[in-house]
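What follows is a set of notes on a single structure, which appears directly below.
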Amino acid sequence: GDRCANYRLYQDFYEGNKGSELRDRARQYLELSGIPFCENFCDTVVDVLAERLTVVGFATTSIAPAGGDEVDDTAARQAESWWRANRMDGLQQTVHAGSLIRGDEYVIVEWDPVRGMPRFYRQLPHQVKVVYSPDETDRIEYATKVWNTTRVGKLNPNGRAIRRLNVYWPDRVEKWYRPDKGGEAGAWERWQDDGDLGWPVWTTTTGAPDGDPVGVPVVHFRYRPGGAGQGRSRVRQAIPFQAELNKYLADLSDLVDNHALPQDWVRGVSGDNVTFKRVPGNMWQATSADAEFGRLDASPADNLLAVIEGVLSRLARKTRTPMHLLTGGTPPSGESLKTAESGLVSQAKACQTDFGNDWEDMIRLGFRLANMFADSPVTLPDDVTVEAQWANPATRSDKDELETATLKKQLGVSKRTLLQELGYDPEAEEELRRAENDEAQAAIAGLLNSGDEA
């Protein structure tokens with residue numbers, strides 16, 4: 001319950017639902033649309049990092065020394081095929097951003113018998129819980145998913161409201177259900193989906209209790225996980241600063257509303273039947289000899305704006321977010337830009353390591369399922385791993401990237417890896433090169449034939 005309450009809190013701050021405490025007059029014009037007034041920076045703190053996390057492909061790596069032989073990239077091509085078929089180019093953005101917002105995201109891997117491939121399903125974080133081993137803090141002992149549904153099945157032919165519970169063990173999935181009455185009434189009963197052959201569903205190499213476990217099919221994406229196994233929200237770092245900004249922004253609204261214009265005053269005219277109005281072109285005058293007129297200068301907003309700027313500066317340092325990405329304006333260039341973004345780039349590379357391991361775990365689960373259920377079993381050799389490849393998180397010019405790629409090629413980096421780092425699809429580029437070569441060969445053959453005829 002506490003975890004889910006925190007998820008809601010972080011999501012509210014990310015979406016700007018925790019607005020400023022305004023006076024009634026300011027609320028009338030600042031919240032006319034019904035949306036709470038908030039100059040939100042929590043979303044920026046998340047988005048500037050999430051935008052630099054993009055998996056562009058997979059590469060095959062040999063665990064054992066490969067000598068002078070090139071490692072077969074068949075497994076990497078298969079992984080990329082599954083990745084594209086599951087439309088992970090878009091889903092990965094949701095997973096990365098969600099991990100930064102709430103600290104946790106979950107993906108379940110299942111076999112799709114119709115398409116003959118593993119499917120990767122992103123889960124709602126508040127429906128899933130994972131339990132880690134007390135001895136191996138990175139090993140999931142089991143996971144659960146709880147949700148409400150009215151889906152029709154052989155145990156729910158009338159589509160009534162029921163609560164489902166799946167318990168994912170390394171070697172089996174236990175499925176349960178009970179009537180959803182909004183409370184704890186009713187006992188859990190065994191559930192079977194239409195395609196299940198029995199209860200529980202065995203997830204072993206043989207599909208029976210005597211087989212080797214495939215593993216818990218839940219992949220947990222965590223941002224900077226703590227000791228309890230759960231991730232940490234990047235939004236949580238920004239909340240104290242955002243709350244402080246909300247207060248100062250409300251003060252700025254009051255200042256501008258009440259004191260941003262000079263105030264004219266008059267005294268000694270109580271006997272005059274005159275109404276003084278500040279209207280362009282009007283001139284104030286009075287018949288009393290005691291009448292005095294004056295003006296109160298507008299209150300400067302500089303000090304309050306400096307305070308707001310200071311809070312943003314502290315927020316930038318705390319979250320290692322470049323100031324120019326928080327406040328806009330002209331960004332630095334050259335070495336200054338590299339220095340300004342060094343902290344953000346370091347965080348992106350750390351995320352690439354952690355999230356990359358999770359994506360690789362997901363692919364490995366896919367290979368285990370393919371080895372069990374595919375018509376033509378697809379195996380991943382024991383001495384080969386599939387490694388996620390990421391787009392460069394640093395802001396760099398095309399010229400710099402090409403020069404770096406040239407140097408890497410001279411050091412022996414494969415053309416496939418270089419193309420992925422530059423943002424190109426190696427398979428698509430290979431097809432294009434093959435088509436261009438065929439066209440060139442056809443053109444040469446045409447010229448030769450025309451010469452013979454002449």
Side-chain angles (χ1 to χ4, degrees), residues 1-8 86 95 98 102 104-134 139-221 228-230 361-362 365-366 368-374:
D2 291 341
R3 178 170 62 94
C4 292
N6 286 335
Y7 287 167
R8 288 190 293 271
N86 280 276
V95 173
R102 292 175 292 273
D104 302 302
E105 276 284 323
Y106 304 91
V107 173
I108 288 181
V109 184
E110 294 183 353
W111 182 256
D112 184 346
V114 176
R115 302 182 66 180
M117 57 177 284
R119 297 297 302 273
F120 311 131
Y121 298 100
R122 182 240 173 191
Q123 303 297 307
L124 297 177
H126 67 275
Q127 294 180 342
V128 180
K129 177 183 177 181
V130 295
V131 178
Y132 285 87
S133 167
R139 181 174 64 84
I140 298 177
E141 285 196 341
Y142 67 92
T144 63
K145 177 184 176 181
V146 180
W147 73 104
N148 298 328
T149 182
T150 57
R151 184 176 179 178
V152 175
K154 59 185 178 182
L155 296 178
N156 190 29
N158 298 321
R160 58 177 174 165
I162 60 174
R163 175 162 292 188
R164 289 284 313 279
L165 164 65
N166 282 0
V167 185
Y168 300 94
W169 300 93
D171 61 347
R172 67 191 186 279
V173 179
E174 297 177 359
K175 300 180 181 182
W176 305 86
Y177 82 103
R178 71 182 182 195
D180 181 25
K181 299 180 179 179
E184 296 300 322
W188 290 101
E189 301 178 34
R190 293 181 177 183
W191 173 273
Q192 283 186 259
D193 287 309
D194 292 340
D196 294 345
L197 300 178
W199 195 100
V201 177
W202 291 101
T203 53
T204 64
T205 53
T206 62
D210 59 352
D212 294 330
V214 172
V216 177
V218 179
V219 181
H220 185 190
F221 291 79
Q230 300 301 319
D361 288 343
M362 184 188 77
L365 281 168
R368 295 192 194 110
L369 293 176
N371 193 34
M372 290 172 53
F373 299 112

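Just the heavy atoms: all of them, side chains too, but no hydrogens, waters or symmetry mates, feed the values below. FYI, the numbering just counts along the sequence from 1. For clarity, every value in this text was computed on a predicted model and none was experimentally measured.
Counting only heavy atoms from C-beta outward, the side chains of Thr204 and Asp212 never approach each other to under 4.5 Å. Residues Val146 and Lys129 are not in side-chain contact: their nearest non-hydrogen atoms beyond the backbone lie 4.5 Å or more apart. Using a 4.5 Å cut-off on side-chain heavy atoms (C-beta onward), Trp176 and Arg163 make no contact. Inter-residue side-chain proximity for Arg151 and Arg164 is flagged as unmet; no heavy-atom pair is nearer than 4.5 Å. Looking at heavy atoms from C-beta onward, Leu124 lies out of side-chain contact with Trp147 at the 4.5 angstrom threshold.
Take Pro118 and apply the side chain to side chain contact (heavy atoms under 4.5 Å, CB included) test, not counting sequence neighbours, and it matches Trp82, Val109, Trp111, Phe120. For Arg102, the side chain to side chain donor-acceptor pair (under 3.5 Å) criterion is met by Gln11, Glu105, not counting sequence neighbours. For the side chain to side chain donor-acceptor pair (under 3.5 Å) test, residues two or more places apart in sequence or in another chain that qualify with Asp104 are Tyr7, His220.
In this structure, Trp191 CH2 and Leu165 CG are separated by 12.5 Å, a value rounded to the nearest 0.5 Å. Note: Thr205 OG1 to Asp210 CG = 8.0 Å, rounded to the nearest 0.5 Å. How far CG of Leu365 is from CD1 of Ile108: 11.0 Å, rounded to the nearest 0.5 Å. For the atom pair OH (Tyr177) and OG1 (Thr149), the distance works out to 13.0 Å, reported to the nearest 0.5 Å.
Under a 3.5 Å cut-off, the side chain of Glu141 and the backbone N or O of Arg139 do not form any donor-acceptor pair.
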